[in-house]
J.: 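Starting off with a structure, shown below.
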Amino acid sequence: MIAGNRPINYLRISITDRCNFRCLYCIPASPFKVIGHDQIARYEEIIRITQLACEMGITKVRITGGEPFARKGIFSFLASLCDIKGLEDISITTNGSLLNTEKMEHLIQLGIKRLNFSLDTLTPEIFKTITRKNDFQKVWDTIMIAHHLGIAPLKINTVILKGINDHEIENLAALTLKYPFHIRFIEYMPMGDLPVKEDQQILTGEIMGRIESGFGKLLACESVEHDGPAKKYKIKGAKGIIGFITPISSHFCAQCNRLRLTARGTLRPCLLNDYENDIITPLRNNATDEELKKIIQDSVTRKPSCHHLADPASMHLPLSHMTSIGG
Ligand code: SAM
Ligand code: SF4
């Protein structure tokens, strides 16, 4: 499938909008309703949509949420996903708190070895401030289990917020001196009604400057398959990589190869634009494969040329929050 001149081969699937954490940059300030059980896309429905999307050129899938491991039955779902013809790569983004050695070994047995963890701090108290859960040790232990079981490259997503965890930029970057991890600093995206203020956003230039002040000039690394939009660097002599994901300061819309399936069964052409195509209702009303494929094709065609999030006068601030779309 092609959008403009971009081949679309990557589907990100949010299997739940529920999460055991309440991260400041992800969960709205005002109370919000989770999707009802009858509205959430069932596993067999997700499998059918993914199968059709793979027949149309999707080769990579990332499972996300909400917290994917908070949904019951995920391991049987992942096993069915692994059986889809044409699907070459399955990865998962997780907060890590609900995983243990046994579950990690199960993932590896299924052939799923690409895991991204989210961790914004190395300080338990700050972890609690950001996620509103006292689970730093659990998450760190999971990351260590994954490392010892050979998950590599082990990627860690970090969102930096001024006044909350910006004093930890150097410590997080220093993890790459000790471990072969990819620490990826993601610029905070203002979505929905979040408790984070605009002036708490820190852009990549500033984060990079702070790392270079502490560790010297960062060395640019070549991109390889599965790097996605991250621009990669290394501290001289480090084992790991530092990545920067810059949706605000330097958007990568022209290279975006993604389509998203939300937890309520809509196809979303762009993370940062609220247009969505309902595919679950026609599927539940016995649509044929050809009819569903038309909806997938239409969603690809509707990918916007770029988002407007960096424009202060923008009227395009997405109203949805990340847990239902899948970050
Ligand atoms: N619960 C899982 C986790 O935290 O890894 C998967 C879902 S979470 C929505 C996926 C990613 O989105 C996380 O790495 C998180 O840091 C990132 N994220 C959430 N809200 C964000 C925001 N407003 N700006 C930038 N990244 C955000
Ligand atoms: Fe949950 Fe992930 Fe959002 Fe944090 S970022 S609230 S862990 S979905």
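Atoms within each ligand, like the ligands themselves, are counted from 1 in listed order.
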J.: Between His147 and Phe181, what is the ring plane arrangement, given parallel below 30°, perpendicular above 60°, and tilted in between?
T.: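 His147 and Phe181: perpendicular rings.
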
J.: Any N or O of Thr94 that comes nearer than 3.5 Å to an N or O of ligand 1?
T.: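 Yes; at least one N/O pair falls below 3.5 Å.
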
J.: I need the nearest protein heavy-atom contact for atom 4 (Fe) of ligand 2: residue, atom name and distance, please.
T.: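 Nearest protein contact, heavy atoms only, for atom 4 (Fe) of ligand 2 is Cys23 SG, 2.3 Å.
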
J.: I'd like to know if Asp289 pairs up with Arg48 as an ion pair, taking the criterion as any Lys NZ or Arg NE/NH1/NH2 lying under 4.0 Å from an Asp or Glu carboxylate oxygen.
T.: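 Looking at Arg48 together with Asp289, the answer is yes, because their closest N to O distance falls below 4.0 Å.
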
J.: Is there any N or O on Gly66 that sits under 3.5 Å from an N or O of ligand 1?
T.: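 It does: an N or O of Gly66 is found under 3.5 Å from an N or O of ligand 1.
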
J.: Any atoms of ligand 1 less than 4.0 Å from a non-hydrogen atom of Gly65? List them with their elements.
T.: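 That gives atoms 7 (C), 9 (C) of ligand 1.
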
J.: Enumerate the atoms of ligand 1 whose separation from the nearest heavy atom of Thr64 is less than 4.0 angstrom.
T.: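 Numbered from 1, ligand 1 contributes 6 (C), 7 (C).
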
J.: Under 4.0 Å, heavy-atom basis, I'd like to know which part of Asn116 is in contact with ligand 1: side chain, backbone, both or neither.
T.: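 Neither; no heavy atom under 4.0 Å.
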
J.: Using a 4.0 Å heavy-atom cut-off, say whether Thr93 meets ligand 1 through its side chain, its backbone, both or neither.
T.: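 Near ligand 1, Thr93 shows its backbone as well as its side chain.
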
J.: Identify whether the distance between the nearest side-chain nitrogen and carboxylate oxygen of Glu168 and Arg210 falls below 4.0 Å.
T.: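 A salt bridge is absent here (no side-chain N lies under 4.0 Å from a carboxylate O).
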
J.: For ligand 1, find out whether one of its N or O atoms is nearer than 3.5 Å to an N or O atom of Tyr188.
T.: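 Between Tyr188 and ligand 1, no N or O pair is found under 3.5 Å apart.
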
J.: Can you see which heavy atom on Arg132 is nearest to which on Arg22, and at what distance?
T.: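 Closest approach of Arg132 to Arg22: NE-O, 2.8 Å.
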
J.: Can a salt bridge be assigned to the pair Arg42 and Glu45 using a cut-off of 4.0 Å between side-chain N and carboxylate O?
T.: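 Looking at Arg42 and Glu45, the cut-off is met.
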
J.: Does Ser118 come within less than 4.0 angstrom of ligand 2, counting non-hydrogen atoms of the residue?
T.: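 Contact absent.
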
J.: Hey, is atom 4 (Fe) of ligand 2 within less than 2.8 Å of some N/O/S atom on Cys19?
T.: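 Of the N, O and S atoms in Cys19, none lies under 2.8 Å from atom 4 (Fe) of ligand 2, which means no.
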
J.: Can you name the atoms of ligand 1, numbered from 1 with element, that are less than 4.0 Å from a heavy atom of Val159?
T.: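 Near Val159, meaning under 4.0 Å from one of its heavy atoms, ligand 1 has 16 (O), 26 (N).
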
J.: Counting heavy atoms only, name the option from Cys26, Pro247, Ser118 that's nearest to atom 4 (O) of ligand 1.
T.: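 The residue whose heavy atom sits nearest atom 4 (O) of ligand 1 is Ser118.
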
J.: Rounded to the nearest 0.5 Å, how far apart are OG of Ser299 and CD of Glu276?
T.: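 CD of Glu276 is found 10.0 Å from OG of Ser299.
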
J.: Check each atom of ligand 1 against the heavy atoms of Asn157 and keep those under 4.0 Å away; list them by number with element.
T.: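 Listed by number with element: 14 (O).
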
J.: Check the orientation of Phe185 and Phe244. Use parallel for under 30°, tilted for 30 to 60°, and perpendicular for over 60°.
T.: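 Phe185 and Phe244: parallel rings.
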
J.: Considering only heavy atoms of Ile27, which atoms of ligand 2 have at least one such atom less than 4.0 Å away?
T.: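 That gives atoms 6 (S) of ligand 2.
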
J.: Any Lys/Arg nitrogen of Lys60 or Glu88 sitting under 4.0 Å from an Asp/Glu carboxylate oxygen of the other?
T.: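 No.
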
J.: Looking at atom 3 (Fe) of ligand 2, what's its closest protein heavy atom, distance included?
T.: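 Of every protein heavy atom, Cys26 SG, 2.4 Å lies nearest to atom 3 (Fe) of ligand 2.
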
J.: Does Arg62 form a salt bridge (Lys or Arg N to Asp or Glu O under 4.0 Å) with Asp89? I'd like the steps, not just the answer.
T.: CA-CA 8 Å; Arg62 175 170 292 278; Asp89 183 72; over 6 Å; no

J.: Find out if a path of hydrophobic residues (ILVMFWY) with successive side-chain heavy-atom gaps under 4.5 Å connects Tyr233 to Ile235.
T.: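 Cluster IDs for Tyr233 and Ile235 match.
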
J.: Say whether Leu194, considering both its backbone and side-chain N or O atoms, lies within less than 3.5 Å of an N or O atom on ligand 1.
T.: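 Such a contact does not occur with ligand 1.
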
